[in-house]
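Take a look at the structure below.
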Amino acid sequence: MGRRVYTEFPAYIRIPLYGFVGIALLLLVLPLAVALPISFNADPWFTYPFRAVSLRWFEQLFSSPLWIGAMINSLVIAISTTVVATTLGTLAAIGLVNPRFPFRTAVMALAISPMIVPVVVLGLGLFIFFSPLGLNYSYAGVVIAHTILASPFVVITVTAALTRFDFNLMRAAAGLGAGRATAFRTVMLPIIAPGVAAGAVFAFASSFDEVVMVLFIAGPQQRTLPKQMFTGLREQLDPTILAAAAVMIILTSCLMAVAYNANKNR
Amino acid sequence: MTLPYGDVGLAMTQQDALTGNIASSTAGVVVRSSIRSDNNRRATRAALPAAPLLIFLLLFLVIPIGSVVHTAISDGEIAKALPLTTQALQAWDGDELPATAIFMKLGQELEAAGHVGSVRPLARRLGYELTGGASAILNAQRALSEDFDRADPKAWKAHLIKADGAWGQGGVWSIIKQHDSRYSAFYLRWATGFPVKIEADGSLSRESSYDFRSIYLRTILISLVVTGLTIVIGYPVAYVIANSSGRTAAVLLFFILLPFWTSLLVRTMSWIVFLQTNGVLNNALAGTGLTSEPLPLLYTRMATIIAMIQIQLPFTVLPMISVMRAIPANHVKAARSLGAGPLLAHATIFLPQAVPGIAAGGLLTFVLCLGFYLTPALVGGPSDQMVSFFIARFTNEDLNWGLASALSVILIFGAGIVALPLARHVARHSSDRI
């Protein structure tokens with residue numbers, strides 16, 4: 001991307017403009033930047049300055065069976081969701097980039113629609129649909145619900161990766177005698193892997209963060225980290241919640257950074 | 001993969017044109033139909049990899065939303081428990097009490113309903129539409145286990161009216177009469193704010209219900225304010241990012257993407273820590289001596305709107321950037337060289353070309369705002385709750401799925417109208433979204 005300059009705004013416009021943008025961006029990250037370090041405050045207060053710094057809230061987080069259980073649940077559900085959503089989404093993207101795909105635009109809109117449909121409506125729908133099937137209050141039910149929400153991320157990132165993919169390579173592989181599955185595994189998949197990885201990371205993060213579906217579908221057995229945080233936020237704000245939030249952010253942003261770099265280096 | 005089949009098809013058409021009537025010959029038909037079936041086969045093969053996701057979406061997205069619509073118009077509790085009573089009441093004119101035979105029928109059907117466990121749903125359903133409706137059913141049910149002359153219809157009537165006075169008035173009977181079908185617009189009328197509840201004497205209930213119209217209005221209003229403000233804040237941000245390059249653009253983009261990547265719940269939580277009574281902002285204000293006592297910042301409309309803006313800003317800014325980057329820089333330069341001032345050139349040349357991005361970002365933000373649940377629920381007060389909050393509440397706490405579904409139907413219908421142009425945009429630009 002070369003440098004584009006649309007207008008050389010004179011200084012009397014440029015300086016207020018940059019100032020405004022600077023403040024806007026600062027406000028965007030300020031609450032997070034202010035809230036998260038409080039998890040290191042030794043005192044159970046949500047204020048600055050600290051009298052002492054400590055890791056006691058993290059200790060509490062990792063020694064409470066309730067929080068550990070929630071973290072394990074979140075990991076199990078997020079990993080299952082990632083596997084299912086990445087598989088379904090990658091395959092669907094391969095179909096959707098084919099110009100022969102019937103009703104391509106409409107199907108693409110359907111595949112992306114979970115991003116736009118209000119989550120409570122989806123939650124209610126699944127709750128009603130699941131109740132005769134006995135899927136409410138089950139891991140399978142939560143994973144299905146999260147897969148619905150996560151699959152658009154995979155479809156979008158893999159579609160983007162595939163638009164840069166040279167389909168002549170697949171023909172070359174076929175010409176050399178590879179079957180469709182072999183060509184996919186040995187030629188296409190390695191090339192689009194960064195896109196698939198990015199999709200998988202988004203899928204993981206979306207499931208790991210998700211709380212509304214959990215409120216509708218999950219029972220006490222499937223209490224996840226966000227659910228535990230949500231309950232805490234509604235009842236009594238406690239610095240352990242901040243520690244949990246810090247853990248969540250560190251985990252997801254590390255994954256995001258990996259996926260971002262994998263895509264950028266291509 | 002374009003193997004020569006397309007060319008064969010083309011050659012056939014040309015040949016048809018040359019020889020005139022070859023298409024009517026058997027050979028032509030066979031070739032044509034085999035080409036068509038080959039095309040069908042190719043379309044099927046193209047669609048095949050997408051089949052698992054499509055089946056998944058059909059099962060767990062389309063059908064569940066269909067069942068929300070179905071639940072919104074299903075209203076079968078009364079018709080199911082009292083089919084004969086409902087049928088017999090069709091001939092009733094509503095001026096005086098129904099015939100004694102109908103009382104007996106009602107009593108018998110209530111007894112039968114007690115055996116199959118449909119009394120509670122019946123009582124709850126009647127309670128939605130009639131003040132004291134639930135207890136009318138439960139009291140009658142209880143009284144039927146007592147001793148009375150079961151052979152005499154008059155005894156049934158006297159016994160039921162003694163059990164609950166509602167049976168001696170017209171209201172409850174007129175409701176039962178209406179329920180000859182398993183479907184009705186009752187929940188949709190309720191969810192659109194029409195008065196649906198009556199008193200035992202048939203007059204409109206004075207009991208106050210949820211004012212759903214003002215809840216929709218509030219939902220739309222908050223969404224509009226948030227959308228407007230994200231556009232006003234997002235436009236200069238997008239402009240500066242689109243206008244910068246290399247490292248600067250990456251750093252600025254990072255500031256946009258960091259909150260975008262961060263959990264919605266965590267971002268909402270950080271606003272709670274920031275704004276609460278003993279929170280960071282209040283302490284800072286008190287520390288500088290600007291305020292003597294903490295301001296009520298959390299659980300307000302303002303907190304809701306600010307938090308929603310922060311959450312939505314990336315969604316508004318990203319489509320704007322991608323559209324702005326495609327605007328040729330020469331246009332504005334040309335305008336400037338023809339003598340337009342910097343602001344005039346921007347407003348007349350650049351801004352109009354950025355409108356598709358503004359529209360896409362704004363629409364996306366507006367649609368997503370309509371469905372907001374978490375943020376208003378955590379940082380808003382009781383009067384800041386939007387439709388989604390009530391859907392969740394009626395589903396999980398009140399167990400009134402019919403009303404929750406009706407509210408959902410209206411919400412997705414409204415959001416769908418707004419989202420239609422958006423879907424077209426997303427389909428066109430789906431590859432450059434993230």
Side-chain angles (χ1 to χ4, degrees), chain A residues 1 3-7 9-10 13 17 20-21 24-25 28-29 31-32 34-35 38 46-47 88-89 91-92 94-96 98 100-102 105 108-110 112 114 116 118 120-121 124-129 144 148 151 156-157 159-160 163 171 209 211-212 226 229 233 245 248-249 253 256, chain B residues 1 42-43 46-47 49-50 52-53 56-57 60-61 63-65 67-68 71 233 236-237 240 243 245 255 258-259 261-266 269-271 273-274 279-280 283 310 313 329 332 342 345-346 350 367 371 373 378 388 391-392 395 404 408 411-412 419 423 426-427 430-431 433-434:
Chain A
M1 173 73 51
R3 180 166 168 76
R4 313 175 147 271
V5 179
Y6 298 107
T7 42
F9 273 136
I13 299 174
L17 176 67
F20 178 82
V21 171
L25 292 180
L28 211 52
V29 291
L32 266 181
V34 164
I38 292 181
F46 297 91
T47 53
L88 294 181
L91 286 174
I94 292 170
L96 281 165
N98 192 325
R100 287 173 202 276
F101 197 97
T105 316
M108 194 69 182
L110 174 71
I112 293 178
I116 294 175
V120 284
V121 176
L124 170 63
L126 283 172
F127 183 68
I128 294 173
F129 180 62
I144 289 172
I148 287 287
S151 59
I156 288 172
T157 52
T159 307
T163 52
R171 241 180 291 171
D209 288 350
V211 66
V212 181
M229 287 172 65
L233 285 175
M248 251 170 103
I249 288 213
S253 54
M256 292 282 182
Chain B
M1 276 189 262
R42 293 172 146 272
L53 181 68
F56 193 83
L57 289 176
F60 300 117
L61 177 73
I63 293 180
I65 289 183
S67 47
V68 169
T71 310
I233 299 170
V237 174
V240 168
N243 231 339
S245 54
F255 273 86
L258 180 72
W261 286 345
T262 314
S263 152
L264 183 71
L265 189 64
V266 171
M269 178 213 71
S270 68
W271 282 106
V273 174
F274 199 63
V280 177
N283 274 290
Q310 189 225 13
L313 204 56
V332 176
H346 183 88
F350 187 86
V367 172
Y373 167 68
L378 286 173
S388 288
I391 295 173
T395 310
S408 302
L411 176 64
I412 45 177
V426 169
S430 54
S431 53
R433 275 289 311 286
I434 291 179

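Below, chains carry the letters A, B, ... as their sequence lines are ordered, and counting in each starts from 1.
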(message) Working note: B:R42 + A:N98, criterion side chain to side chain contact (heavy atoms under 4.5 Å, CB included); need CA distance, chi angles, decisive distance, verdict.
(response) CA-CA 10 Å; B:R42 293 172 146 272; A:N98 192 325; over 6 Å; no

(request) List the steps and the verdict of side chain to side chain contact (heavy atoms under 4.5 Å, CB included) for B:L265 and A:L233. (result) CA-CA 10 Å; B:L265 189 64; A:L233 285 175; 4.2 Å; yes

(request) Any chance you could lay out the side chain to side chain contact (heavy atoms under 4.5 Å, CB included) test for A:I148 and B:F56, step after step, and finish with the verdict? (result) CA-CA 8 Å; A:I148 287 287; B:F56 193 83; 3.7 Å; yes

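Atom CG of A:L126 sits about 8.0 Å away from atom OG of B:S67, to the nearest 0.5 Å.
Looking at B:F255, the atoms closer than 4.5 Å to chain A (heavy atoms on both sides) sit in the backbone and in the side chain alike. Of the atoms belonging to A:V121, heavy atoms from both backbone and side chain fall under 4.5 Å from chain B. Contact annotation for B:I233: both backbone and side-chain heavy atoms come within less than 4.5 Å of a heavy atom of chain A. For a residue to count as touching a neighbouring chain, one of its non-hydrogen atoms must lie under 4.5 Å from one of that chain's; by this rule B:I412 touches chain A with the side chain only. Of the two parts of A:I13, only the side chain, counted from C-beta on, holds a non-hydrogen atom closer than 4.5 Å to a non-hydrogen atom of chain B. The contact between A:I144 and chain B is made by backbone and side chain atoms together, counting heavy-atom distances below 4.5 Å. Using a 4.5 Å cut-off between heavy atoms, A:S151 contacts chain B through its side chain alone, with no backbone atom that close.
Heavy-atom pairs under 4.5 Å with chain B peak, among A:S253, A:P102, A:A24, at A:P102. Chain A forms more heavy-atom pairs under 4.5 Å with one residue of B:S270, B:G279, B:S388 than with any other, namely B:S270. Of the residues considered (B:I65, B:L313, B:L264, B:V266), B:V266 shows the highest number of contacts with chain A, using heavy-atom pairs under 4.5 Å. With respect to chain A, the highest number of heavy-atom pairs below 4.5 Å among B:A404, B:A392, B:G371, B:A46 belongs to B:A46.
Looking only at side-chain heavy atoms (C-beta outward), A:V120 and B:T395 stay at 4.5 Å or farther from each other. Here the side chains of B:V280 and A:I38 are in contact, with some heavy-atom distance below 4.5 Å. Side-chain atoms of B:V273 and A:V34, non-hydrogen and from C-beta on, never get closer than 4.5 Å to each other.
The shortest heavy-atom contact between B:W271 and A:P31 is CZ2-CG, 3.4 Å. Considering all non-hydrogen atoms of both residues, A:L28 and B:Q310 come closest at O-NE2, 2.6 Å. Taking each heavy atom of B:L53 and A:A92 in turn, the nearest pair found is CD2-CB, 3.4 Å. For B:V68 against A:G125, the heavy-atom pair with the smallest separation is CG2-CA, 3.3 Å. Summarising the geometry of A:F101 relative to B:A50, their closest heavy-atom pair is CE1-CB, 3.6 Å, with the distance given to 0.1 Å. Looking at every heavy atom in both residues, B:L61 comes nearest to A:P114 through CD2-CG, 4.1 Å.
Applying the ring pair (Phe, Tyr, Trp, His ring centres under 6.0 Å) rule to B:Y373 yields no partners; only residues at least two apart in sequence or on another chain are considered.
Ring geometry for A:F9 versus B:H346: interplanar angle of 30 to 60°, hence tilted.
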